[in-house]
Amino acid sequence: MKLVVYLYLSMIVLGVQAWPSVKRSFELFPNPAVPHNVHTVSDCMHVASEAGDYIFKKLNPLSSALNREAALLELEAAVVPGEGTGGGTGAAGGTGTADVQELQPEVCGLYVIGEPDTIVEITMKHYDANCETGALMAFVDGWELNGEYFPGIKDHHRPLEERVYEFCNNYRQWPRVSNKKFFRSSQNAALLQYRIPVRGSFVANVRFHKITQPCNILVQETAAMYKMTNFGQARNCTISALFPAVVSLASLRIGGKSVRAQTKVNYDCQMPSDRLEIGGSSGLDPIGMEQASAVCGASSDLGPEQAIFCGVSTVRLVSSGRFQNQAAIVLRKADVQDMEIATLICAL
């Protein structure tokens, strides 16, 4: 009997000693020491540059029909009596209801931008965008604004139909499937668009991953040196700054041996040779930019500064794949004092 009691007590003691090591082998809850940023998406055009969860929620108890009815009532109240039906020039512009425009749902976006040598990863942890109410979401590999894309449609290695992925919730689908989705961009810029007319929400987790061969780079507010190279490939690489910028060349090696053997940098390289195009535009697509100069040749000396006064300042490396092209670009924001060195001023 004593032997049985001793064995029983020994098993209890060993179990108590073993439990802490077993408990430490896995975690029941997330480690509080690991930072986790949570952001609320409140602006229609929300620019994000930090990792973490981005949460959007829209609560609208009124249906679209009730919203339209409220708009009509406001319009009728604004019509001056006697002018709504007589072809007058009242607030309704004539018949009162003929000029009422349908309230179109607004298309908004989470614009994500990372460091130059990163790509963007977006994981949809949750999304409630009902297809039947006209809600729609889309992931864009790059940025889209006013119908223009960065990187440009002609410069990206993927066709546009593969860069844009649309999705929404089909609640009539059975069986129900998980609504988690996972996306990765090809450069340091990505966009999550959403159109939610009635109600809906989403939680998007944003992460950034380092890459070794960046090609297209979107610059938001950074003054620094950027390196561009084609790595011997037939591809075009672009650096676009979302502000008027001052650009100078820190080093250059573009074109064949005969071009690089010149004693000075050629600032007027013509198509179809490999070249570095410097210019700007009002939109994102570098194909439509106004060109200030086209550079080729070789140099290790710091070149002169030139100011690009455009909404978007762009440096584009055009490569045929026959040569190892590379350039180092110094880029900073332009101010009023830089008007003296302006080589391009875009129309407002």
Side-chain angles (χ1 to χ4, degrees), residues 113-119 150-152 155-157 186-189 208 210-271 273-281 286 289 291-310 312-335 338 341-344:
I113 183 171
E115 295 297 321
D117 59 343
T118 63
I119 59 173
F150 175 88
D155 286 347
H156 205 278
H157 65 280
S186 305
Q187 61 288 311
N188 71 323
F208 301 96
K210 292 283 186 179
I211 56 176
T212 58
Q213 296 185 3
C215 179
N216 298 296
I217 299 172
L218 194 63
V219 180
Q220 187 180 14
E221 292 184 354
T222 305
M225 178 184 292
Y226 300 90
K227 294 183 178 180
M228 305 181 71
T229 177
N230 68 329
F231 296 99
Q233 302 178 31
R235 65 175 183 176
N236 300 333
C237 298
T238 301
I239 295 178
S240 287
L242 303 177
F243 49 81
V246 175
V247 180
S248 60
L249 305 177
S251 65
L252 190 72
R253 186 181 176 87
I254 297 177
K257 293 182 179 179
S258 60
V259 178
R260 296 198 303 265
Q262 299 175 6
T263 57
K264 61 179 181 180
V265 175
N266 186 351
Y267 277 84
D268 190 25
C269 298
Q270 300 299 322
M271 297 177 64
S273 63
D274 291 20
R275 62 198 180 278
L276 189 73
E277 299 177 344
I278 301 174
S281 64
M289 74 173 179
Q291 192 176 117
S293 58
V295 187
C296 58
S299 175
S300 57
D301 299 328
L302 183 63
E305 291 186 328
Q306 55 178 312
I308 307 296
F309 281 92
C310 298
V312 179
S313 305
T314 298
V315 180
R316 181 170 176 254
L317 178 61
V318 180
S319 301
S320 62
R322 294 178 297 168
F323 314 113
Q324 289 276 355
N325 297 325
Q326 56 187 24
I329 311 299
V330 180
L331 189 147
R332 64 174 176 83
K333 271 191 171 182
D335 52 34
D338 296 315
I341 58 173
T343 57
L344 178 62

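Values below: all heavy atoms of this structure, side chains included; hydrogens, waters and symmetry mates excluded. Position 1 is the first residue of the sequence, and the numbers go up from there.
- Within the model, atoms OG of S251 and CE of M225 stand 7.0 Å from one another, a figure rounded to the nearest 0.5 Å.
- Counting heavy atoms from C-beta outward, P286 and D155 have side chains that approach closer than 4.5 Å.
- Within a 6.0 Å sphere centred on CD of E115, heavy atoms belonging to other residues, nucleotides or ligands number 12 at most.
- The side chain to side chain contact (heavy atoms under 4.5 Å, CB included) test applied to S273 returns C269, not counting sequence neighbours.
- The 12-atom threshold is exceeded at CZ of R235, counting heavy atoms of other residues, nucleotides or ligands nearer than 6.0 Å.
- Closest of all the heavy-atom pairs between N188 and I217 is OD1-CA, 3.6 Å.
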>> Quick one, L242 with V312, criterion side chain to side chain contact (heavy atoms under 4.5 Å, CB included). Give me CA distance, side-chain angles, the key distance, then yes/no.
In response: CA-CA 5 Å; L242 303 177; V312 179; 4.3 Å; yes
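- In plain terms, the two heavy atoms of G255 and N325 that are nearest each other are N-OD1, 3.0 Å.
- Looking at residues two or more places apart in sequence or on another chain, you find a side-chain hydrogen bond (donor to acceptor under 3.5 Å, both in side chains) between E305 and R332.
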> Going through the checks in order, is the side chain to side chain contact (heavy atoms under 4.5 Å, CB included) test met by L317 and I254?
Replying inline: CA-CA 9 Å; L317 178 61; I254 297 177; 3.6 Å; yes
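- Shown here for L344 and C310, the closest heavy-atom pair between the two residues is CD2-SG, 3.9 Å.
- Of the possible donor and acceptor atoms, one in the side chain of S313 sits under 3.5 Å from a partner among the backbone N and O of F243.
- In this structure, the separation between CG on L252 and OG on S299 is 7.0 Å, given to the nearest 0.5 Å.
- A donor-acceptor pair is defined here as one N or O able to donate and one able to accept, closer than 3.5 Å; no such pair exists between the side chain of N230 and the backbone of N236.
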>> Please determine whether side chain to side chain contact (heavy atoms under 4.5 Å, CB included) holds for the pair Q233 and H157, giving the CA-CA distance in whole Å, both sets of side-chain angles, and the decisive distance to 0.1 Å.
In response: CA-CA 12 Å; Q233 302 178 31; H157 65 280; over 6 Å; no
> Does the side chain to side chain contact (heavy atoms under 4.5 Å, CB included) test come out yes or no for I329 and I278, once each step is laid out?
Replying inline: CA-CA 11 Å; I329 311 299; I278 301 174; over 6 Å; no
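- Here the OG atom belonging to S319 is positioned 9.5 Å from the CZ atom belonging to R275, to the nearest 0.5 angstrom.
- Inter-residue side-chain proximity for F323 and C296 is flagged as unmet; no heavy-atom pair is nearer than 4.5 Å.
- For Y226 against I239, the heavy-atom pair with the smallest separation is CB-CD1, 3.4 Å.
- A heavy-atom distance below 4.5 Å is found between the side chains of Y267 and L249.
- With a 4.5 Å cut-off on side-chain heavy atoms, T118 and K210 count as touching.
- Of all the heavy atoms in F309 and D338, the pair that sits closest is CE1-O, 3.7 Å.
- With hydrogens and angles left out, the side-chain atoms of T314 and S240 include a donor and acceptor closer than 3.5 Å.
- Between the CZ atom in F208 and the CD1 atom in I113 there is a gap of 9.0 Å [rounded to 0.5 Å].
- Side-chain contact between N216 and S186: absent, with no pair of heavy atoms (C-beta onward) separated by less than 4.5 Å.
- Rounding to the nearest 0.5 angstrom, the gap separating the NE2 atom in H156 from the OG1 atom in T238 is 10.5 Å.
- Heavy atoms only, all atoms of each residue included: S281 and M289 are closest at CB-CA, 3.7 Å.
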